[in-house]
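Take a look at the structure below.
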Amino acid sequence: MSSIIFSILSIYIFIVIGFIAKMSFKEQIDDKTITLVNVYFLQVFLTFWGLLVKPIDITLLYAPSIYLLIVGVVIVVSAFVAKLLFEDKKEYSIATVAAIIGNTGNLGIPINIAIFGEESIPYTTVVNLVNVFVVYTIGVFYYSRGSFDTKTSLKNIVKIPILWAATIAILLSYFGYKPDGIILNTLMMGAYASMTMQLFLFGIYLYGTKIKEISKTLVIWVLTFKFILLPAIAFIVLINIDLEPMIKGIIFIELMMPLAVANVNLASLYDCKPRIVTALVFISSFMFLGVVFVAVEILSYF
């Protein structure tokens, strides 16, 4: 269990640095510029590196297909209920999509390794791949809808370079392309820069965020959906399908991951109340320190 805790706490270092930097230099640090550099440039390196560092095993796609099925069910339920609870367009967008964009990569992969061992890596990798497409299609659409109409929001999906980079990387991997050492090192430099910048940006937005000013209904809904309703739906689906217990467990744990920093990136990019989203990500990350141990106990039912 100590490895789980250290996996979580290790990512907070750069968040703290971002918080201190914004506190020290305030308006001299431009939040939007960092977001644009990260989303439109550095995350392209992260996408290529993540998908090319190891060959993608197409035979493993059954696990992420179940993950995608659960996400599909969840997004329908979330969109319907959120429409009843929130009149503000931006709060509706956040309420609909925030809970499904979990930290399946930076946190989900090491957590699953700590629970299931290295045998989980092929499955967590392909689940994270599916999550990338969820983030940059459904995620982009809903966060964009907070500020734009439907047509513009659909166009914004196409404009995101990460989606195209992921498609190209998958095709390269499928046809057996293996980057040499120099290319791989270049991609790795950009990838780690992107991950660091995401955490740094999270710390920047965390500074000045006042939790008291956030709608209590929004906080309660997102966190209840994330840690109660979503796991309940996932459990019902997983318990009724024929699949190895370890794979069921991996899918369940990945769905339990706290809100990803990618939520902050998209909220910032489309001006969809990024400070509120930052607070939600922070609260969910803090709650996860306790929730993860409950999730581990539930695994025994698979």
Side-chain angles (χ1 to χ4, degrees), residues 3-26 28-50 53 94 98-99 101-114 124 128 131-132 134-136 139-140 143 160 162 165 187-209 211 222 226 254 256-270 272-289 291-292:
S3 59
I4 295 176
I5 295 173
F6 283 121
S7 295
I8 297 170
L9 294 179
S10 62
I11 70 173
Y12 282 84
I13 296 173
F14 296 104
I15 296 174
V16 172
I17 293 173
F19 183 91
I20 294 172
K22 185 65 174 179
M23 181 175 63
S24 302
F25 298 101
K26 295 184 172 61
Q28 294 180 58
I29 295 180
D30 185 5
D31 315 345
K32 197 60 176 284
T33 298
I34 294 175
T35 300
L36 292 172
V37 170
N38 192 27
V39 172
Y40 282 95
F41 297 96
L42 291 178
Q43 286 201 3
V44 172
F45 286 89
L46 175 61
T47 303
F48 273 107
W49 177 74
V53 67
I94 296 168
I101 300 180
N103 194 346
T104 58
N106 298 342
L107 187 57
I109 292 175
I111 291 292
N112 273 290
I113 291 173
T124 53
N128 187 54
N131 193 53
V132 168
V134 170
V135 171
Y136 293 105
V140 167
Y143 276 116
I160 290 288
I162 300 163
L187 293 175
M188 185 174 66
M189 288 173 63
Y192 277 95
S194 175
M195 288 186 283
T196 302
M197 191 170 285
Q198 283 189 71
L199 298 172
F200 187 81
L201 183 67
F202 180 63
I204 288 174
Y205 275 112
L206 196 58
Y207 176 78
T209 299
I211 295 178
V222 171
K226 175 78 242 186
E254 288 285 52
M256 289 291 293
M257 287 299 110
L259 274 62
V261 179
N263 283 287
V264 179
N265 287 339
L266 296 181
S268 171
L269 189 63
Y270 301 115
C272 191
K273 300 190 176 183
R275 296 198 180 278
I276 290 178
V277 174
T278 300
L280 289 169
V281 173
F282 178 77
I283 296 169
S284 74
S285 300
F286 182 77
M287 289 180 64
F288 182 73
L289 294 172
V291 169
V292 65

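Scope of the values below: all heavy atoms of this structure, side chains included, with no hydrogens, waters or symmetry mates. None of these values were measured; they are calculated from a predicted model.
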Can you confirm whether [X] sits close enough to [Y] that some side-chain heavy atom of one is under 4.5 Å from a side-chain heavy atom of the other?
| X | Y | value |
| --- | --- | --- |
| Q43 | I160 | no |
| T104 | T124 | no |
| N263 | L280 | no |
| F282 | V264 | no |

Residue of the set I101, N103, V222, I283 for which side-chain contact (heavy atoms from CB on, under 4.5 Å) holds with L259: V222
Residue among I162, L266, V135 satisfying side-chain contact (heavy atoms from CB on, under 4.5 Å) with V140: L266
Which atom names give the shortest non-hydrogen contact between [X] and [Y], and what distance separates them?
| X | Y | answer |
| --- | --- | --- |
| V53 | G50 | CG1-O, 3.8 Å |
| A267 | P274 | CB-CA, 3.8 Å |
| A165 | V44 | CB-CG1, 4.0 Å |

Atom pair [atom1]/[atom2] of [X] and [Y] - distance to nearest 0.5 Å:
| X | Y | atom1 | atom2 | value |
| --- | --- | --- | --- | --- |
| Y40 | T35 | OH | OG1 | 11.0 Å |
| Y207 | R275 | OH | CZ | 9.0 Å |
| Y136 | T47 | OH | OG1 | 6.5 Å |

Acceptor/donor pairs from residues 188-205 side chains to any protein atom, 3.5 angstrom cut, sequence neighbours excluded:
| unit_1 | atom_1 | unit_2 | atom_2 | d |
| --- | --- | --- | --- | --- |
| S194 | OG | N38 | OD1 | 3.0 |
| T196 | OG1 | Y192 | O | 2.8 |
| Q198 | OE1 | N265 | ND2 | 3.4 |
| Y205 | OH | S268 | OG | 2.6 |

Sidechain-backbone polar pair: K22 side chain, F19 backbone, donor-acceptor under 3.5 Å: no
